[in-house]
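Note sheet for the following structure.
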Amino acid sequence: MQWLAGVPFIVLLAAAPAPKGLDDYVAHHDANYSDEHRMLASVWFGPGYHTKIPDGTRVHTTRGSLEYALALLARGGQRDVARAEAIIGKVISLQDQRPQSRSRGIWPWLLEEPIDQMAAPDYNWADFCGALLAQMLHSYNDRLSPSAREQMRESLRLAAEAIKRRNVGPDYTNIALMGGGVCAAAGELLHDAALLEYGRSRLQRLVEHTKLHGSFNEFNSPTYTMVALREAERTLYLVRDEQARAAAEWLRRRAWQTVAESFHPATSQWCGPHSRAYSDYIDRWTAQYLSDATGVSIAPHPKAAGRRAVAEPNYFGLPCPDEFRPYFQRLTASPHDIPKAPPFNDTGRNTEQPNRDAANADAAGAQPAKRMVLNKVERRWTFIKRGDEASSIIGTAWLGDDACFGTVNSSTFWTQARPILAYWRTADDPAVVFRVRFFHNGRDFASMGCATAQQRNRALVVISPRLNHGSWHLNLDRPRDGIFRATDFRLVCQLRGSGVAASRNGDNRFELSSGEQRMVIHPAPTRAGDQPVVWRSQEGDETAQWSAVFYEGDEKAFDWRSPPPLVLAFGVELLREDEQPAASSPRWNELLSQVSWTPATGSELTVAAPAAVKR
């Protein structure tokens, strides 16, 4: 590794070792290669938008095929290169190259579904596929035939022009970063000064935007933070321009800060809240990546998804910055710890005075005194800073020695959101997971939202409808008339893992427990129209839940434009067996238009109530 303007620059050498995992990756995908179609075949399971292809259909993917072609070029055998060129040629033939087309320069997801037949084109595919073409041209140009190189260069130019034409803002973090890197790399590879300048300025705008607002727009996302981290590394790998590299390195370090401050060592999980996530546990690829980069063994949860059957090779291999490594070893003091939070000693009980020296030593990587171990920290992040604090998006996380609990002050319940999330370790499970969801006919509902206030291991939550969103997706399935038809609407407080149970504690207190800890739910009195909201428990295969049923029955129309008919408030506490829950439930204050709750310890929590609430 060499350094350019103080930023590491990876130089590829003829004798450089193959990327980690390359042979396993190629061997796995060899079995799925179609000589007939010159692409990778797979059984399709989609996210529920962009495509009309039914789940279970055998398909051939554009992005996955290019990833396989990149791995073949990296291995570099004669047959590998021949197959890679066949794949690249086929995938490029699927790119929209029509001069007047709005989607010129992008690809469909699948061979079986051309762009014009998709539910909606995914313009991100110019970025994803363009990044792979740029990496192949940069790293393995000498292995490609002249005709393949020329075809790839023209395809990359079309993709970069599509990225530039679309010109996404810095609030779309991973695409702003990826597209900036692709355009900067394309500018250097194609000797196009305008593309290089555009890529450079786009990366710099993303840096300034992130500094201004305090975080990536897709805040604390296990999925998209890792995409941003990987794309920052790819930009450092591909681009020599000093200003572009400085921006990419700043973004790389900011991504690592996000991962480090949210990582919970005892459960090996990414503490919530998550703006966007594809699963409740850190997936196997992420766990392996973090282990390799930090030097800390991070075991994936036994129920962790793989996202893919085999991990993509690690072409870049940049290490975690030294200042963030301690966060993966133990609870570590952070600039985002809440000032004046009660300190804790090694028994987990409150002490009378904070031991600032111990916390400061821990932050610096020094070993604090044995009698003072950092057992609990509470952090608050401004994820998206707006005109005033009331409209800003703010996350709070409480991390203890064996449990963590996080919330965000405002969110929806669309399928990728995790606004209320907790993990704790038990003797039988490395991490049981608690999550609050809202279902429309049995699926996560994007038009219901929540507002929260959290103090340490307790939070107050108000659930209410959100206008101008869809059902399954925030935007793509939005009803034009604002009316949702439903046979079932319900809030679900769900605990998953080994040894989980649901129980009632008094007339109006519900518990979800596992091991020595439990989540206690305190609902406020609530009605849905003329009917009271009914709470029901359910236990299944490693799942226990309490559901607040707003409606069930024959299909009924719900007009989201009228005063909200579905509103609920509840308090929630993550407690040990010997800790007493709050004695009272949250209270509605009509005069102040707010909900208040006083937990067993700490000060009163309040959340603004939606206007025109009917209870």
Side-chain angles (χ1 to χ4, degrees), residues 19-22 24-25 28-29 32 40 42-48 55 61 63-64 67-68 71 124 128 173-174 178 216 218-234 255-256 258-318 320 327-328 404 406 414-418 421-425 429-435 437 444 494 496-498 542-543:
K20 181 176 180 179
L22 179 64
D24 289 343
Y25 180 87
H28 173 80
H29 287 298
N32 299 314
L40 283 186
S42 62
V43 177
W44 179 251
F45 290 96
D55 285 353
T61 64
R63 178 185 168 190
E67 290 173 339
Y68 176 51
N124 293 344
F128 280 104
T173 307
N174 63 316
M178 182 184 293
F216 297 144
E218 299 83 9
F219 59 81
N220 201 37
S221 167
T223 302
Y224 288 92
T225 303
M226 296 306 297
V227 172
L229 176 56
R230 189 169 183 82
E231 292 310 314
E233 291 183 341
R234 193 195 309 266
W256 269 114
T258 296
V259 184
E261 290 181 351
S262 297
F263 187 79
H264 184 238
T267 59
S268 292
Q269 295 304 316
W270 192 312
C271 184
H274 303 158
S275 61
R276 301 185 69 178
Y278 290 168
S279 63
D280 291 338
Y281 293 115
I282 288 179
D283 63 55
R284 295 179 181 277
W285 178 86
T286 299
Q288 185 60 59
Y289 177 91
L290 295 177
S291 295
D292 291 344
T294 63
V296 178
S297 178
I298 297 170
H301 191 276
K303 297 291 196 310
R307 269 205 296 156
R308 303 181 181 193
V310 63
E312 186 180 355
N314 189 345
Y315 295 99
F316 317 126
L318 291 180
C320 171
Y327 290 80
F328 297 92
C404 61
W414 87 293
T415 185
Q416 292 185 23
R418 307 288 191 276
L421 189 66
Y423 300 94
W424 65 87
R425 188 178 187 91
D429 200 316
V432 297
V433 55
F434 170 82
R435 181 180 168 195
R437 310 168 75 170
D444 293 295
Q494 185 179 79
R496 292 194 300 113
S498 299
E542 296 197 337
T543 301

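Counting heavy atoms from C-beta on, the side chains of Leu229 and Tyr289 come closer than 4.5 Å. Under the 4.5 Å side-chain criterion, counting only non-hydrogen atoms from C-beta, Tyr224 is not in contact with Phe219. Using a 4.5 Å heavy-atom cutoff, the side chains of Pro222 and Thr286 are not in contact.
Atom OG1 of residue Thr415 and atom CZ of residue Arg276 lie 10.5 Å apart, to the nearest 0.5 angstrom. For the atom pair CZ of Phe128 and CD of Glu67, the computed distance is 9.0 Å after rounding to the nearest 0.5 Å. The distance from atom OG of Ser297 to atom CG of Asp292, rounded to the nearest 0.5 Å, is 10.0 Å. Considering OG1 of Thr267 and CG of Asp429, their distance stands at 10.5 Å, rounded to 0.5 Å.
Distance alone, capped at 3.5 Å, is enough to place a donor-acceptor pair between the Asn220 side chain and the Pro273 backbone. Not one N or O on the side chain of Asn174 forms a donor-acceptor pair closer than 3.5 Å with the backbone of Met226. Distance alone, capped at 3.5 Å, places no donor-acceptor pair between the Ser268 side chain and the Ile298 backbone. A distance-only check finds a donor-acceptor pair linking the side chain of Asp55 to the backbone of Gly46 [under 3.5 Å].
The ring of Phe263 has its center closer than 6.0 angstrom to the ring center of Phe328.
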**Report entry** Verdict with supporting geometry, Trp256 and Thr294, side-chain contact (heavy atoms from CB on, under 4.5 Å)
**Finding:** CA-CA 10 Å; Trp256 269 114; Thr294 63; 4.0 Å; yes
Requested in this report: Go through the steps to decide whether Arg230 and Glu312 satisfy the test side-chain contact (heavy atoms from CB on, under 4.5 Å), and finish with yes or no.
Outcome: CA-CA 11 Å; Arg230 189 169 183 82; Glu312 186 180 355; 3.6 Å; yes
Report task. Before giving the answer on side-chain contact (heavy atoms from CB on, under 4.5 Å), spell out for Arg496 and Lys303 the whole-Å C-alpha distance, their side-chain angles and the decisive distance to 0.1 Å. Result -> CA-CA 10 Å; Arg496 292 194 300 113; Lys303 297 291 196 310; 5.6 Å; no
Report task. For the pair Thr225 and Trp270, evaluate side-chain contact (heavy atoms from CB on, under 4.5 Å) and give the outcome as yes or no after the intermediate values. Result -> CA-CA 11 Å; Thr225 303; Trp270 192 312; 3.7 Å; yes
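Listed by chain and residue number, nothing satisfies the salt bridge (Lys or Arg N to Asp or Glu O under 4.0 Å) test with Asp24 (two or more places apart in sequence, or in another chain). Every salt bridge (Lys or Arg N to Asp or Glu O under 4.0 Å) that Arg418 has, sequence neighbours left out, goes to Asp280. Partners of Tyr281 by ring pair (Phe, Tyr, Trp, His ring centres under 6.0 Å), not counting sequence neighbours, listed by chain and number: His301.
By the 4.0 Å N-to-carboxylate-O rule, Arg234 lies close enough to Glu231 to be salt-bridged with it.
Minimum heavy-atom separation, Trp285 to Ala311: CD1-CB, 3.2 Å. Nearest heavy-atom pair across Tyr423 and Val433 is CE2-CG2, 3.5 Å.
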